Colleague: 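Just passing along the structure, written as structure tokens.
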Amino acid sequence: MSDGIVLRNGLVFDPANGINGEKMDLCISDGRIVEKEGAGAKSIDLKGRIVLPGGVDLHSHIVGSKMSLARAISPDYHRLDPVPRTKSTRSGVGYTVPSSYVIGYRYSSMGYTTVIEPAMQALKALACWEELSNLSNLNTGLMPMFGNSMLTFHYVRDDDLNGLAGYLAWVLRAVGGFGVKAVNPGGTYAWAHRRNIRTLDMEVPDWEITPREITRMLCKAVELLGLPHTLHLHPNNLGCVGNIETTLVQLEALRDIRGHAGRKQIVHLPHMSFESLGMVDNGSPVWNDVQSGGCQLAEYYNKNEHFTVDLGQITMGPAMTMTADGPFQFSLYKMTRGKWASSTVDVELPGGGGIVPYEYRPSSPANSVQWAIALEFALSIDDLWRCAISTDSPNGGPFSKYPLVISWLMSKKQREAWIRRLHPLVLERSIISELDREWDLYEVAITTRAAPARILGFSMKGHLGIGADADIAILDSKTEDTDLSKKPNRIIRLFERTYQTYLGGQKVAQKGKVLTTPYGHVSTIHPVLDESDWNRMEKELEPLMNSWYSHSFCNYSVPERYRLPFERKSILDATAISL
Amino acid sequence: MKKVGVKAVLISGRTLQQGRTSELGKLSEDYLSSVAVCEMDANTMEVLGIHEGDAVRLETLLGDVVVRSKLDQNARPGVVFMPWGPHANTILGSETHGCGMPSYKGVPVILFPAPDTSVRTIDDLLHLSEGGI
Amino acid sequence: MICCIYPREGFSISSKKTVKNVPCVFCGCLCDDIALEVENNRIVKNINGCSLSKSKFLNHLEDRLLGPAVRINGILVEVSLEKAVAHAAEALTSARRPLIYGLSSTENDTHQEAYYLAELLGGVVDNTSSVCHGTSMIGSQESGDPLGSLAEVRHRADLVVYWGSNPQFAHPRHISRYIRQPGEYMQNPKKDRKIWVFDVRSTATSRIADEFFQIEPGTDLEVISVIRALVRGHEMDIDRVGGLAIEDLAKISEAMKSVRYGVFFYGLGLTQSKGQHRNVDAAIRLIQDLNSFTKWVMIPMRGHFNVAGANETSTWQTGYPFAVDYSRGYPRYQPGEYSAVDLIRRRETDVLLNVAADPVAHFPRDALEHLKRIPIINLDPKRNVTSLIAEVNIPTAIAGIECDGAAVRMDGLPLYLRKIVEPPEGIIPDRDVLKLIIARLRMVTKR
């Protein structure tokens with residue numbers, strides 16, 4: 001790629017650099033955006049097509065044991081969406097839980113270039129890395145979960161913040177993690193006792209600690225280490241009618257924690273639609289009494305800057321729910337009475353997460369209200385830089401429904417058309433029909449590119465400035481594509497398949513066809529502690545792990561052999577912390 | 001050859017011996033002698049008029065095989081056991097009823113004493129019928 | 001061509017080492033506390049391993065296939081690796097319905113090459129789970145899979161059920177390592193943790209259990225269904241089922257509801273018996289129902305050390321855990337249709353590529369009859385029954401002893417396998433042989 005490429009006459013939307021639909025040229029060389037075109041650079045005339053940074057999805061389940069388990073129990077789904085081999089691509093299956101290769105291809109043809117797996121079982125990281133070697137066309141990162149680990153509890157109970165930070169650092173390095181995830185802190189653990197923990201101050205069985213203490217300490221430990229991405233928190237009481245109250249209490253419980261280096265945000269709230277279930281006045285926590293809590297969260301969001309959000313939009317149609325929130329998944333199974341898979345993970349996820357295939361139905365009153373929650377929120381907030389589009393794929397629906405989600409956000413006409421198909425309760429229990437706001441392309445570019453990249457702490461992604469990774473999505477737009485809000489189907493078509501997608505400066509997809517299948521990089525954070533602190537962690541963790549786990553301490557780490565081909569390691573100097 | 005046999009249900013499965021000796025070599029004497037056996041209760045042996053180690057012929061709808069008898073003190077009449085391996089396979093059916101799994105367990109079998117008959121070697125088994133190499 | 005392999009020349013006689021925390025590559029327990037003493041590129045001592053483990057590691061050089069061989073005029077003749085690969089590739093390309101089978105006694109990288117090869121050929125790829133726990137997967141496709149993990153069982157389980165499983169023979173350290181060991185919340189397992197065995201015959205495991213329930217062969221489905229009905233509070237209008245009295249089953253169901261943490265380990269006694277996947281389906285539904293009362297999980301007692309890995313790699317690449325057909329250019333799945341025994345007994349398969357299994361020793365008679373008629377390309381470290389009738393034998397390195405890789409434990413835990421010693425001269429891992437076949441195939445067919 002020595003000579004590079006020049007993309008001429010693009011209509012560029014690059015919010016991170018304040019560019020809002022300007023006609024300009026982009027020069028690419030050696031995988032980066034550069035200032036000047038090289039001699040002999042290949043010139044491509046985009047004829048005014050819309051140019052966006054490559055899409056960044058900060059919360060989508062793409063690899064790991066829960067995906068394997070979900071795939072394994074769903075041949076009925078796979079059969080609906082076979083994907084044949086082509087000259088350049090491998091075969092597979094699609095639908096709600098696509099096979100590994102197909103995930104990469106589908107994201108790529110939609111113009112996405114970076115996708116973060118937000119729920120890795122650290123103990124099973126080896127399998128994730130193996131799986132990533134069968135998932136091309138994307139840059140990725142893996143977030144191990146810590147919210148129910150007995151080791152986390154051990155440090156929380158001892159009130160040993162530095163020890164906890166050391167443990168997080170050790171695991172991130174051992175397994176090649178990118179950030180810190182917590183799911184239903186303490187609640188999934190309680191599921192080992194066949195219980196849940198729905199409020200912040202209820203004690204976790206066996207441990208005499210509370211979700212409040214676990215959450216706060218994890219949050220502080222992340223800031224102490226100075227990780228680029230904040231604590232990624234799936235709160236307690238998810239999926240329960242009225243849980244917006246729990247969510248607000250949990251966010252409030254973290255508000256006073258100071259971010260490192262002046263960062264205002266200290267926690268990310270993923271898939272807000274699942275934790276913003278309101279309840280009618282004098283109601284009880286049953287689905288008949290559900291109402292949208294989207295506005296309530298938006299109100300809190302507009303007043304408080306300490307958290308970021310992704311939507312977890314319900315898309316209607318088939319989905320595959322999968323979370324490390326075992327008790328929630330079981331309650332969902334009791335409702336559906338279909339399939340229920342779950343898996344416990346030695347020490348790190350006692351009780352275990354769960355998987356339940358689920359179909360969101362427009363005719364369902366509850367699903368219809370759920371549909372409105374994230375939209376209501378997204379259309380009521382002031383600061384889009386703290387918000388990212390997601391469907392919590394495949395929980396709210398597969399990521400391939402993003403174009404539809406975008407059309408809802410960009411077009412009131414589209415929302416009205418859908419509301420007519422939904423259960424009328426949506427009009428009663430949400431204000432969605434009253435919202436006239438329509439996002440423009442710039443706002444979509446923020447919430448699918450610039451903001452998620454910023455929330456993740458990526459400086460080279462989500463924008464098209466000089467030095468950025470040349471991850472680019474070019475939409476197959478025409479000059480007459482103005483006033484898109486009136487043409488929702490056109491919006492869907494534009495975002496469904498790009499005109500061209502570039503990954504690291506290489507053209508990987510064109511008009512929905514994947515041309516080449518290079519592997520992106522896997523971003524990892526490599527915290528460096530002071531040597532004596534590192535030794536302390538090894539000395540503490542080895543006997544603990546050897547006595548608690550069912551395998552040897554020295555077989556915990558993911559060997560270099562699996563990481564070297566893909567890993568982009570960010571060294572994080574944490575030597576200043578004294579353990 | 002005695003015409004009166006003992007009816008039973010045949011279960012095939014793993015044994016420690018079979019697993020251990022397979023690592024010495026699937027063609028080793030140790031392995032083949034560990035799988036060319038049929039375990040049964042004392043009562044069945046008595047009715048057959050055989051002693052432990054005597055040859056016994058097992059007959060199913062699919063064929064028959066001669067192996068050594070082995071006493072299982074804890075077994076009840078009616079269920080006999082063979083370790084997995086080439087011998088058991090000669091009398092098992094490959095019908096899977098649409099699930100991929102042939103009948104390895106619960107196969108109706110009739111046992112006969114087989115005096116003066118030797119246990120089949122692996123070469124015998126592979127040349128069982130036409131189409132052999 | 002066959003004999004024991006002796007140490008390679010140039011190896012210093014004084015070369016000695018001890019390797020610790022090695023994952024054992026025999027059964028689905030993947031015990032990773034094995035210490036091996038190695039002298040002169042030969043494993044001479046296995047500490048901590050069970051008798052199966054010892055047998056595998058200490059005899060790693062016994063009875064090996066020495067070099068690649070191709071059958072010419074009915075006789076196996078030693079050839080170069082290149083020739084054997086060319087022969088294999090030619091047989092595969094000329095096949096109309098090739099089958100790749102085995103994969104459970106090798107590491108995950110090999111699986112990935114096998115799927116790629118199957119896709120290029122438009123063939124079928126199946127792993128040995130189709131004749132062991134394949135029916136478990138069909139059951140889970142009906143109902144789900146409430147899967148447990150082994151450390152969690154050790155820490156918390158107060159009732160351990162083995163159904164149709166004889167771990168004392170098939171997984172000799174299962175009980176001593178996970179069940180009889182104290183856990184964080186189970187200080188006195190001998191007293192506080194009960195072991196129940198359900199089986200059709202008395203076994204080494206049933207004899208050490210706290211309770212042994214002997215059921216009649218082929219009645220698993222009835223017995224489980226009745227327990228499930230009793231758990232749900234239904235009245236039964238019969239006295240006995242499967243040889244057990246209803247009042248005993250009522251006690252069983254009450255006990256299962258009142259334990260703190262139960263685990264249901266199930267073996268081939270459940271998956272291979274009459275009812276097959278329906279048995280597993282019923283067991284899954286029972287465990288799911290029990291979760292309305294207390295905590296229960298289940299774990300399949302996987303046999304080969306990486307059969308769970310074969311299911312997992314197949315699932316993430318194709319969506320399906322076994323019995324995958326690529327003949328239409330995309331993966332299709334149907335046990336009974338694309339599973340190995342069915343393809344072979346229907347005489348569909350015209351070339352078999354066997355990787356790290358021994359179908360000639362383990363498939364029923366009429367499948368064997370067809371195997372004798374078709375070319376078999378056999379990849380295995382050792383002589384096996386399949387090697388006797390194979391058209392091409394290509395010896396390979398033993399995964400987890402002579403080459404590294406990853407494998408998956410019965411509860412889904414992936415572990416990194418070690419290369420302990422060098423493979424015999426000229427012998428390469430399964431994955432590399434498959435890569436050579438793929439390269440040759442692509443060269444010939446331009447696919």
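These numbers come from a predicted model, not from an experiment. So you know, we letter chains A, B, ... as the sequences are listed, proteins then strands, and number each from 1.
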Colleague: Between C/Cys132 and chain B, which part of the residue has a heavy atom less than 4.5 Å away: side chain, backbone, both or neither?
Modeller: backbone

Colleague: Could you look at C/Ala170 and say if it's the side chain, the backbone, both or neither that has a heavy atom under 4.5 Å from chain B?
Modeller: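 Both parts, backbone and side chain.
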
Colleague: Would you mind telling me which of C/Arg207, C/His370, C/Glu216, C/Gln214 has the largest number of heavy-atom pairs within less than 4.5 Å of chain B?
Modeller: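 Most heavy-atom pairs within the cutoff with chain B belong to C/Gln214.
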
Colleague: Need one label for C/Pro217: side chain, backbone, both or neither, based on atoms under 4.5 Å from any heavy atom in chain B.
Modeller: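 For C/Pro217, the side chain is the part near chain B, not the backbone.
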
Colleague: Tell me, do B/Cys38 and B/Arg68 make a side-chain contact under 4.5 Å, heavy atoms counted?
Modeller: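 When only atoms from C-beta onward are counted, B/Arg68 and B/Cys38 do not touch, as no gap falls below 4.5 Å.
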
Colleague: Restricting to salt bridge (charged side-chain N to carboxylate O under 4.0 Å, His left out), what partner residues turn up for B/Glu59, sequence neighbours left out?
Modeller: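 Salt bridge (charged side-chain N to carboxylate O under 4.0 Å, His left out) check on B/Glu59 returns B/Arg57.
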
Colleague: Looking at B/Gly93, B/Ala75, B/Ser103, which one has more heavy-atom pairs under 4.5 Å with chain C than the rest?
Modeller: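 Ranked by contacts with chain C, first place is B/Gly93.
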
Colleague: Relative to chain B, which segment of C/Gln276 carries a heavy atom at a distance below 4.5 Å: side chain, backbone, both, or neither?
Modeller: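 For C/Gln276, the contact with chain B is made by the side chain alone.
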
Colleague: If I measure from the heavy atoms of chain B, does C/Phe57 come under 4.5 Å with its side chain, its backbone, both, or neither?
Modeller: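 Answer is neither: C/Phe57 stays 4.5 Å or more from chain B.
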
Colleague: For the residue pair B/Val109 and B/Val9, establish whether any side-chain heavy-atom pair is separated by less than 4.5 Å.
Modeller: no

Colleague: Find the one option among C/Ser339, C/Gly267, C/Ser51, C/Ser55 whose heavy-atom pairs under 4.5 Å with chain B are most numerous.
Modeller: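 The option with the most such pairs is C/Ser55.
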
Colleague: Side chain, backbone, both or neither: which part of B/Arg20 has a non-hydrogen atom closer than 4.5 Å to chain C?
Modeller: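 Both the backbone and the side chain of B/Arg20 come within 4.5 Å of chain C.
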
Colleague: Among B/Ser94, B/Pro86, B/Gly19, B/Gly98, which has the most heavy-atom pairs under 4.5 Å with chain C?
Modeller: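 Among the listed options, the one with the most contacts to chain C is B/Ser94.
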
Colleague: I need the residue from B/Leu92, B/Thr21, B/Thr96, B/Ile122 with the largest number of non-hydrogen atom pairs under 4.5 Å to chain C.
Modeller: B/Thr96

Colleague: Quick one: what part of C/Thr386 sits under 4.5 Å from any heavy atom of chain B, side chain, backbone, both or neither?
Modeller: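 No part of C/Thr386 comes within 4.5 Å of chain B.
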
Colleague: Mind running ring-ring contact (aromatic ring centres under 6.0 Å, His included) on C/Tyr320 and C/Tyr338 for me, showing each step along the way?
Modeller: CA-CA 12 Å; C/Tyr320 308 112; C/Tyr338 314 130; 9.4 Å; no

Colleague: For the pair B/Tyr104 and C/Val131, evaluate side-chain contact (heavy atoms from CB on, under 4.5 Å) and give the outcome as yes or no after the intermediate values.
Modeller: CA-CA 9 Å; B/Tyr104 286 121; C/Val131 295; 3.9 Å; yes

Colleague: Which one, B/Ala88, B/Gly78, B/Gly85, leads in non-hydrogen pairs under 4.5 Å with chain C?
Modeller: B/Gly85

Colleague: Below 4.5 Å, heavy-atom pairs only: which of B/Asn74, B/Leu24, B/Leu62 has the largest tally toward chain C?
Modeller: B/Asn74

Colleague: Pick whichever of C/His362, C/Gln168, C/His60, C/Lys382 has the most heavy-atom pairs under 4.5 Å with chain B.
Modeller: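 Of the candidates given, the most pairs with chain B belong to C/His362.
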
Colleague: Answer with yes or no whether the side chains of C/Thr271 and C/His133 bring together a donor and an acceptor at under 3.5 Å.
Modeller: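 No, no side-chain donor-acceptor pair sits under 3.5 Å.
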
Colleague: With a 4.5 Å limit on heavy-atom distance, are the side chains of C/Arg64 and C/Ile398 in contact?
Modeller: yes

Colleague: Answer with side chain, backbone, both or neither: which region of C/Ile138 has an atom nearer than 4.5 Å to a non-hydrogen atom of chain B?
Modeller: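 Answer is side chain: those atoms of C/Ile138 sit under 4.5 Å from chain B.
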
Colleague: Among B/Gln17, B/Glu95, B/His97, B/Arg14, which residue has the highest count of heavy-atom pairs closer than 4.5 Å to chain C?
Modeller: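 Highest number of pairs under 4.5 Å: B/Glu95.
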
Colleague: Report yes if the side chains of C/Arg365 and B/Asn89 come closer than 4.5 Å at any heavy-atom pair, otherwise no.
Modeller: no

Colleague: With a 4.0 Å cut-off, would you call C/Arg201 and B/Asp72 a salt bridge?
Modeller: yes

Colleague: Are C/Asn311 and C/Ser314 packed together at the side-chain level, in the sense that at least one heavy-atom pair is separated by less than 4.5 angstrom?
Modeller: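 No; the side chains remain at least 4.5 Å from each other.
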
Colleague: For C/His174, enumerate each residue passing the ring pair (Phe, Tyr, Trp, His ring centres under 6.0 Å) test, keeping only those at least two apart in sequence or located in another chain.
Modeller: C/Tyr162, C/Tyr178, C/Phe265

